[in-house]
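Contents: one structure, followed by commentary.
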Amino acid sequence: MVIVYDLVLPIALAAMMFSLGLALRLDDFVRIVRQPKALLVALPCLLVIVPAIGVGVAHLSGAAPVLAVGIYLIATCPGGTLSNLLTFWGRGDLALSISMTAAGSVAYGVLAPLWLALGYAIFMGGAEHVSISPLEAIVSVARISLLPVALGMLVRAHLPRVRDAIEAPLRHIAAVVIIAIFLLLMWQQRETFVEAVALVWPAVLALNLIMVATGFLFARLFSVARAERTAIVCEHAIRQEGLAIFIVTSLLAQPAMALPLILNSATGFAVGMAYIGIERFLADRAGRQLQADLSSFKEPN
């Protein structure tokens, strides 16, 4: 399993992030800089408020310290690449979704060591200490997230034919490998996992619902457009747990800590799908109502 955690998982994550870079252009960031409202609403929520909520939910869960840290880490993860797909299905602002995912990944490379140290301090009470330095964690996360994204953007800009040929297959292969590693980790920790489902999943579900509600309320509070609101909500539902799983399994040798993160992968996707289903239903109904209202104003022939 050492080779899986230390070699296969980082390569698969880097490949996934490289494929994300293949979908990014510098213009995506320029547009967000010129019209930053939605991003300025989303990022403080993702980087400050949601992690604080994660502390509260993990504390109230009553889970064992190592599992409580795993619950809390869910709230610190950046949005995942599946949030981009979910945003597309939900007719949301895809460019904003990609920009939030990229910005969150950049921030995670810097903030992950701080969040991890905070989780250990709160839930493990000094019984254990983080065995990695902040610089080591920053370098490790940057190696599998920021650098591959930058390389993907360079390939898109200078080798468009290569990008067209490899983007979809690479993303699919990386996703399959990551899912297989998650399943292997679940099997390795199967005895703990069975107990964790009963003890931790209610807290994971509650946390995910609260994160989605928080993103939705912030978007409504600041009068963000519907398409941008959909992107913000999907970014709160779908997290990039793979980065946190890499840290806790490869750098901290705490595979049990990854169990809540794995549970959230499926939970977040289900919650996100439910949200966009409701959102699309309401949007379609509003569209039909608008058509009916316009028809009623037409003069008879």
Side-chain angles (χ1 to χ4, degrees), residues 1-2 4-6 9-10 13 46-78 80 107-138 140-141 181-211 214 236 239-268 271:
M1 291 297 292
V2 173
V4 172
Y5 296 148
D6 292 349
L9 179 58
L13 289 171
L46 286 166
L47 300 178
V48 179
I49 295 174
V50 166
I53 291 171
V55 171
V57 172
H59 180 72
L60 293 173
S61 70
V66 69
L67 295 176
V69 175
I71 295 171
Y72 157 69
L73 288 179
I74 292 169
T76 69
C77 292
Y108 192 77
V110 177
L111 295 174
L114 303 177
W115 279 326
L116 193 59
L118 180 63
Y120 265 67
I122 293 174
F123 298 107
M124 306 191 79
E128 297 186 45
H129 299 281
V130 180
S131 58
I132 56 171
S133 67
L135 180 60
E136 181 185 358
I138 291 172
S140 297
V141 173
I181 293 172
F182 285 6
L183 293 175
L184 183 61
L185 180 60
M186 288 168 58
W187 175 254
Q188 185 194 31
Q189 299 289 320
R190 56 191 178 278
E191 295 181 1
T192 307
F193 185 77
V194 171
E195 297 178 5
V197 170
L199 293 173
V200 175
W201 186 76
V204 171
L205 176 61
L207 176 58
N208 202 281
L209 292 172
I210 294 171
M211 291 192 299
T214 302
H236 281 73
R239 320 298 284 187
Q240 202 172 141
E241 296 92 349
L243 291 174
I245 290 173
F246 164 72
I247 290 175
V248 300
T249 56
S250 299
L251 303 183
L252 298 179
Q254 290 276 15
M257 199 176 285
L259 297 179
L261 294 157
I262 294 172
L263 284 173
N264 190 68
S265 296
T267 302
V271 170

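Everything numeric here is computed off the predicted structure, so don't read it as measured data. Just the heavy atoms: all of them, side chains too, but no hydrogens, waters or symmetry mates, feed the values below.
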- Rounded to the nearest 0.5 Å, what separation is found between the CG atom of Leu259 and the CG atom of Leu67? 6.5 Å
- Query: Can you name the nearest heavy-atom pair linking Ser61 to Ala203, along with the distance?
  - Reply: CB-CB, 3.6 Å
- Query: Which heavy-atom pair separates Gly70 from Pro260 by the least distance, and what is that distance?
  - Reply: C-CB, 3.7 Å
- Looking at residues at least two apart in the chain, or sitting in another chain, which of them share a side-chain contact (heavy atoms from CB on, under 4.5 Å) with Val55? Tyr72, Ile122, Phe123
- Residue pair Cys77 / Leu261, side-chain heavy-atom distance below 4.5 Å: yes
- Note on the structure: In terms of heavy-atom contacts, Val248 and Met257 come closest through CG1-SD, 3.6 Å
- Between CD1 on residue Ile53 and CD1 on residue Ile210, distance to nearest 0.5 Å: 6.5 Å
- Gap between atom CG of Leu47 and atom OG1 of Thr76 - 0.5 Å precision: 10.0 Å
- Message: Side chains of Arg239 and Val50, heavy atoms from C-beta outward: is any pair under 4.5 Å?
- Response: yes
- Message: Working to the nearest 0.5 angstrom, can you tell me the gap between Thr267 OG1 and Ile262 CD1?
- Response: 11.5 Å
- Query: Rounded to the nearest 0.5 Å, what separation is found between the CG atom of Asn208 and the CG atom of Leu263?
  - Reply: 11.5 Å
Under 3.5 Å, sequence neighbours excluded: what are the donor-acceptor pairs made by side chains of residues 110-119?
none

- Message: For a quick test of reading the model, state the closest non-hydrogen atom pair linking Ile71 to Leu207 and the distance between them.
- Response: O-CD2, 3.4 Å
- Indicate the atoms forming the closest heavy-atom contact of Val200 with Ala63, along with that distance. CG2-CB, 4.3 Å
- d(Met124 CE, Gln254 CD) to nearest 0.5 Å is 5.5 Å
- Query: If we only count heavy atoms from C-beta on, is the Leu46 to His236 side-chain gap below 4.5 Å?
  - Reply: yes
